[in-house]
Each structure stands twice: as structure tokens, then as C-alpha cells.
Amino acid sequence: MSSLLSSSRVFALTLSFLTIQALAQEDLEHAVRKRISPQRLREFLAEVSKEPHVAGSEANERLAGYLKKQFEAHGLETELATYDVLLSYPEDAALELLKPKQRVLLSLEGERLGNVETLTREERLPWNAYSPSAEITGQVVYANFGRPEDFQTLENLGIDVRGKIVLTRYGQGYRGGKSLEAERRGAAAILFYSDPEQDGYVQGEILPKGPWGPPDHFQRGANVYDFIVPGDPLTPGWPSTDRAKRIKPEQSKILPKIPSLPLSYQDVWPVLEALQGPVVPKNWQGGLPFTYHIGPGPAELRMKVKNKLERRKIINVLGRLRGHEEPEKIVLVSSHHDAWTKGAMDDGIGTAAALELSRIFGELARHGQRPRRSLLFASWDAEEYTLTGSTEWGEEHASHLKTHAVALLNLDAYRWGKEFTGIAVPSLKPLVLQALAAVRDPLTGHPILEEWEKAALARGEKASIGILGSGSDYTVFLNHLGIPVVETMFTGVAGAYHSIYDDLSWVEKVDPGLKYVAAMSEIIAFMALRLADSEILPLDYVTYARDVLALLEELQKIHPPPSLNLSACMEAARSWEQQAMRWEANKNQPLSQKQKQCANAALMQVERKLLHEAGIPGRPWFKHLLYAPRPSYEALSLPGIREAVEAGNFKLAQEQAKILETALRRASAAQARTLYCLK
Ligand SMILES: [Zn+2]
């Protein structure tokens, strides 16, 4: 598609609004978006990011109380959903270079803050949640980004990482995936650091002059294998209610066995500089001003990690605005309120937007403009650990959600810049494009859609909505429950991600006047309203079936028969596409209230049919057959088939294809039910 907006799919959907209700709907959309105030967003953001508030802390409990009070003041029905879960906290950490020259490393973060004395030692200490405590002495090996292919390169070079401390830079995937790979290859420990090439002076001006990371900044974060199963490590697959059965931490499949620490480039500098052995392959060189070597040694480190595992209470805050016509159906607006530090960007922005939108929707409801379906503002806790709060809640309310949840809009804008990025299930892509066409770029005044397409074109790419991997709260809803999901953000600058520098002043440096936070709130408001208010749900399964068909064709081309035969899957996808096209052609005729409700209920079931109860091979919790995360959190499409093929197991791949074919036929049958509603 050259221009996404000009595609017929978008117009078809736009036209379905030009019915009797269209004008009122547009007025309402306008009224909502007009009321979004950057000034108020700033006030909310200042409040929610005023102090560090890691999950399970008193500060985060205070924040949950504040959010509940705000939702109430905005006229929402509120509820606190609490769970008792296993979290992790730092006690101490140390790092010392023993050879070739003794030197104590590991500085506390925050040298460049004006008010560093208001922070505790724990708040400034490097740590990875869930890293085991250990004291380890060993030679260092530099492993680039720590991806499987990087470890393979080391093996090809004859470098053994067994018993070594592996030094990896951040970027190119989730830290947990790196740790699991290092663990499998027998490393004794893993260090993650922020290289200036990815996050520092190579990218642009550093703090305080610019938004990029200063020499002492580092990226905290959980080191946990939640791409196997997310949520509380003690209750894999079921909710952590008071009386739930719990496994022992030693039985968990997702807790790392080797210790880890996140480091600043200032602390890694002398270590990397002391490494000898082969010079690194060309694309392994980072931004520090000397030639990198792989090692092992002579650099030798002593590292000490002292963390504690503790069961603590976490608190999801839910605010519901009851719909006037189909109150049992819910559209979820999702963000998380816990943070590693003050978390102004991650996820203060999403939290502030949820507050501002709940205020506006609440105000309109008081004036008689209540949405048709219910809006549920969900502010999750402990997202930063294992997507814990959302996962436990999703598991607890699984059957209710499978019947009643329309879609989920996720707001976790952990990188902040000016370029739009969106990931979504294909059925929601047209809705995202409509929102981007309606909302204007705050600086240029052009539709964001236009700016987005232009920026992609400048890179020689086509603008497109991506597919969902993991790393945020949408995971349980999509992968475990089959609920349509979209996540939107503006990306660009990574400079303060999971760092103590992620505060209000940083957000204001990147987005003066919070204009892009306001624009993102408009995009969310637009989509929330259409999902909550359209008479017929804006879920486009023609696009979905075509996307699936394209994925199948692409994989078939790489692995043609007889090694893999996907023709039955493709046939099922085509039949689904036909059913969906028939629905699209018929849905604009005058329909009774009963017909609409019938069709909406059928539309809501289509995505659910893409689940397989036994899950994908090796990961029973991940039930969606079309998408799953890789250990890097990167999105993996057709996961069951693709992982089998990648492992060279074509027999398993063919079995997985059969399972997918059945699911696609179920989706097609659910789609056909929309047409029975018209009879
Ligand atoms: Zn986040």
C-alpha cells in the first residue's frame, strides 16, 4: 500500500460511521479531544512521578490510593485488586576489577541530579530484580548484545564462556533473553551495560544538556524469563489470590540461576579497556574511544550481588465508567503505575493520560454523554517485574474477560520521541490508522498519519503497524485470553529508560509542553470512543485474514513442500477472508438492535478462536497460535510452526500447522455467525 489511508479498508470503516449516528459521534470525538489539556497532564504527571515508587513499596501504595481517589473524583466506580506475589529488592552490590590493575568500580547513579541527597542508597544502587545473590570472581568475556547469534560467534572463534563473567551491552532485545542464553552456555554471571553507541553521547547530547544518558546512568530492570510464563513466579498460570497454591522459588522456571548487574558505561570503561584477546568483529565495536577486544581476560572481576526475594502485596487500581447500553461489554485502557525509579516516562505518561481521559469521559457522562459500552481504566502494579499485576488479574477473571472484553488499549510509552510507533492485532489496524488521520502532529499541524508515512519513507520503508511481542501488560490479554490489543507510542530517545534520570524534567526536555503526551492521549481517546460507542464493533477481520495468509505464504516460500505443507492452513485463511468480506459487504444495511448485539457478540469471539488450549510447544501459557514473544521479546508470528522449523523439527511443524488450520476454521465459523445474525 502506498498510502495507508487511501486503502479501501479504511474507507469502508469510515463509511460505516456515516450513518444516522455519525454526526453525533464526530461531535463527541471532537468534544473529548478538545478537552485534553497538556497543562493538566503535566499536573498529573508531576504528582505520579514525585518520588521513586517501586512495586510493593509504601510510596507505590500511596500512589495507588491517589489514583483510586482521582478515579472516584472523576465519577468512576473504583476497585483495588490486590495480589500477594513474589518480588525482589536490592540490599547490596559491589564490583571490583582485580586484574590487570586493582580498582573499585560500581558507582551510585544520579551524580547529575540537583537533588541527589533526597534519594536513598538503594534507590541509586545498580540491581536487577530476581538476580540471585552471589559472590563471583572470574575473567571477563565481551559478548556484544548477548543474543544467541553473538554467543554463536564466540563459539566459532573458539572462545569458551563457561565459568566466565559475560559482559553484554543493552539493546537488541530483552535482558532476560540474554541472561537465559548466557546461563545455557555455562557463564558464571552476566553484566549488562549501556554503551554510548546505543544510549549516550554517540546518539546525541547527554544530560543535562540533552536527553541522552550521562556516564553514570544505568538501566535497572527485572532479569526474569517471563517469555516462558509471565506473572508471579510462584503461581505460573493461576492467580495469586490469598488461598492460591504456591510453588517454591526453586521450582520456578522463570527465575535466573546466574547473577546479573546493570552497569553504567563509566564503570564498564576500565573493564573493557583492559580486555585483550581477539579484536571484536566489526559490528561489535561500541562507542567508547578505544578498540574493543573480546577477552577472555586478562580483566578479572569480583562481583557481589545481594538481593532479597519477598512476598508482598501489589495493588491494581481499576476505574470503571459504566456503559449505558451494553454495560457488560468492556473496553480496557491499560497503563501501569509501578516504576523502577520515579518513572515519569515509564509509565507516568500512561498513568497521567489515563487520569486525564477518565476525567474527560467522566465529565461527559455527567452531561448525559455516557458511552454505549463500559470503559475500564486499569492501572496495573508490578508491570516492571513480570507483568505481574495484569497477568494475575487476567488469570483471575479469564472467563469473564473472554466473554465480555472488546479490546485493550495499552499505554506504556517507555521511550519518548516524536515518531509514532504502533503494534496491534490486524483487526484493529484500520482503527489505528483512522486515529492517526484524525489527530494532528503538535509541531507541524499535519495529521500524524502523514508524518509517520513521511518518516518511514525517508528511511526507505513503508509505514506499517507492527505485530505484538511482549514486554508490557497486554501480554495476558492477547496471548492467554485472545483479546484484541493495540499499543501506541512515540519513539526516539531511550536516554533515561529505567534510570533515576527518568523524571518530570526529562520528559519536559524531550517533549516541551507535553504536546506529544497530549497527542497520544488524543489517539487513545479516539480509539476508546470508537470501540466503546460504535454500534457495530470496529474489528476488521478481512485485514486479519489477509495478514495471516501473507504470513503463511511467506513461511511456505522459505520452506516449500514436501518439507512443510501449509496449503490447508492457507485454504482455511482464505475461507475466513471470504466470510469476513461477506460481513463487511452486509454490515451497513439497517439493522435492528438485536441484530447488532448478535453480530457484536460474534465479532468478539473471532479472536478467541485463535487460541489453542494446550498452548504452543513448551509454553502452554501462551495460547495464541498467531503471535508469541521470543526470549528477546521480539514478536514471533506463527510461533508453533516457526519455532519447530527453526529447530529443524518438520514433523512438529506439520502437527502445529494442523492445529492452526483447525483454529482458522473455528475463526471462520465464528465469523460466519455474524451473517446468521442478519437473518
Ligand atoms: Zn513500562
Side-chain angles (χ1 to χ4, degrees), residues 44-45 48-49 52-57 59-60 63-64 67 87-88 128-130 170 173-176 199 218-224 226-227 230-231 262 314-317 332-355 377-394 408-417 421-423 468-478 485-504 506-507 510-511 516-517 520-521 524 629 632-633:
F44 285 137
L45 184 55
V48 303
S49 65
H53 52 279
V54 71
S57 67
N60 206 39
L63 178 54
L67 295 173
L87 301 178
S88 161
N128 287 124
Y130 296 118
Y170 271 125
Y174 169 57
R175 70 185 82 70
D199 180 6
F218 56 84
Q219 185 196 117
R220 291 159 190 73
N223 177 8
V224 66
D226 60 359
F227 41 83
I314 58 165
I315 310 168
N316 296 327
V317 187
L332 289 116
V333 181
S334 156
S335 55
H336 70 90
H337 61 78
D338 69 304
W340 290 123
T341 59
K342 293 183 176 180
M345 133 180 86
D346 186 7
D347 182 23
I349 285 169
T351 309
L355 288 174
F377 290 89
S379 179
W380 311 114
D381 199 354
E383 185 273 351
E384 297 291 7
Y385 279 79
T386 56
L387 316 175
T388 322
S390 57
T391 302
E392 299 311 315
W393 189 81
L408 176 132
L409 309 171
N410 198 49
L411 263 172
D412 189 1
Y414 61 81
R415 283 171 293 175
W416 205 250
T421 303
I423 46 180
L468 296 134
S470 185
S472 193
D473 288 309
Y474 59 77
T475 301
V476 67
F477 301 98
L478 176 73
V485 160
V486 52
E487 180 175 82
T488 49
M489 54 177 85
F490 287 105
T491 53
V493 184
Y497 178 57
H498 289 185
S499 147
I500 198 73
Y501 293 104
D502 177 9
D503 61 12
L504 180 61
W506 189 88
V507 173
V510 183
D511 183 16
Y516 283 87
V517 180
M520 185 55 71
S521 306
I524 296 294
S632 60
Y633 279 168

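Every number for a ligand or one of its atoms is a count from 1 in the order of the listing. A quick note: this is a predicted structure, and the numbers were derived from the prediction, not measured. Atoms considered below: every heavy atom in the structure, side chains included; atoms not considered: hydrogens, waters and symmetry mates.
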**Student:** Who are the side chain to side chain donor-acceptor pair (under 3.5 Å) partners of His337, not counting sequence neighbours?
**Tutor:**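 His337: side chain to side chain donor-acceptor pair (under 3.5 Å) contacts with Asn60.
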**Student:** Please state the angle at the Zn ion (ligand 1) spanned by NE2 of His336 and OD1 of Asp412: what is it, rounded to 10 degrees?
**Tutor:**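 It rounds to 100°.
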**Student:** Ignoring hydrogens and geometry, is there a side-chain-to-backbone donor-acceptor pair from His498 to Arg220 under 3.5 Å?
**Tutor:**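 Pair found, side chain donor or acceptor close to backbone of Arg220.
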**Student:** List in chain and number order the residues that pass side chain to side chain donor-acceptor pair (under 3.5 Å) with Asp503, two or more places apart in sequence or in another chain; answer none if no residue qualifies.
**Tutor:**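 So Asp503 forms a side chain to side chain donor-acceptor pair (under 3.5 Å) with Ser505.
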**Student:** Are any N, O or S atoms from Asp347 nearer to the Zn ion (ligand 1) than 2.8 Å?
**Tutor:**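 Under 2.8 Å: Asp347 has no N, O or S contact with the Zn ion (ligand 1).
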**Student:** So, Glu384 and the Zn ion (ligand 1): N/O/S under 2.8 Å, yes or no?
**Tutor:**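 Given the 2.8 Å cut-off, Glu384 does not count as a ligand of the Zn ion (ligand 1).
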**Student:** Using modelled atom types only, decide if a donor and an acceptor are shared between the side chain of Tyr385 and the backbone of Ser88 within a distance under 3.5 Å.
**Tutor:**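 Present.
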**Student:** For N/O/S atoms only: which one belongs to Asp346 and is nearest the Zn ion (ligand 1)?
**Tutor:**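 Sorting the N, O and S atoms of Asp346 by distance to the Zn ion (ligand 1) puts OD1 first.
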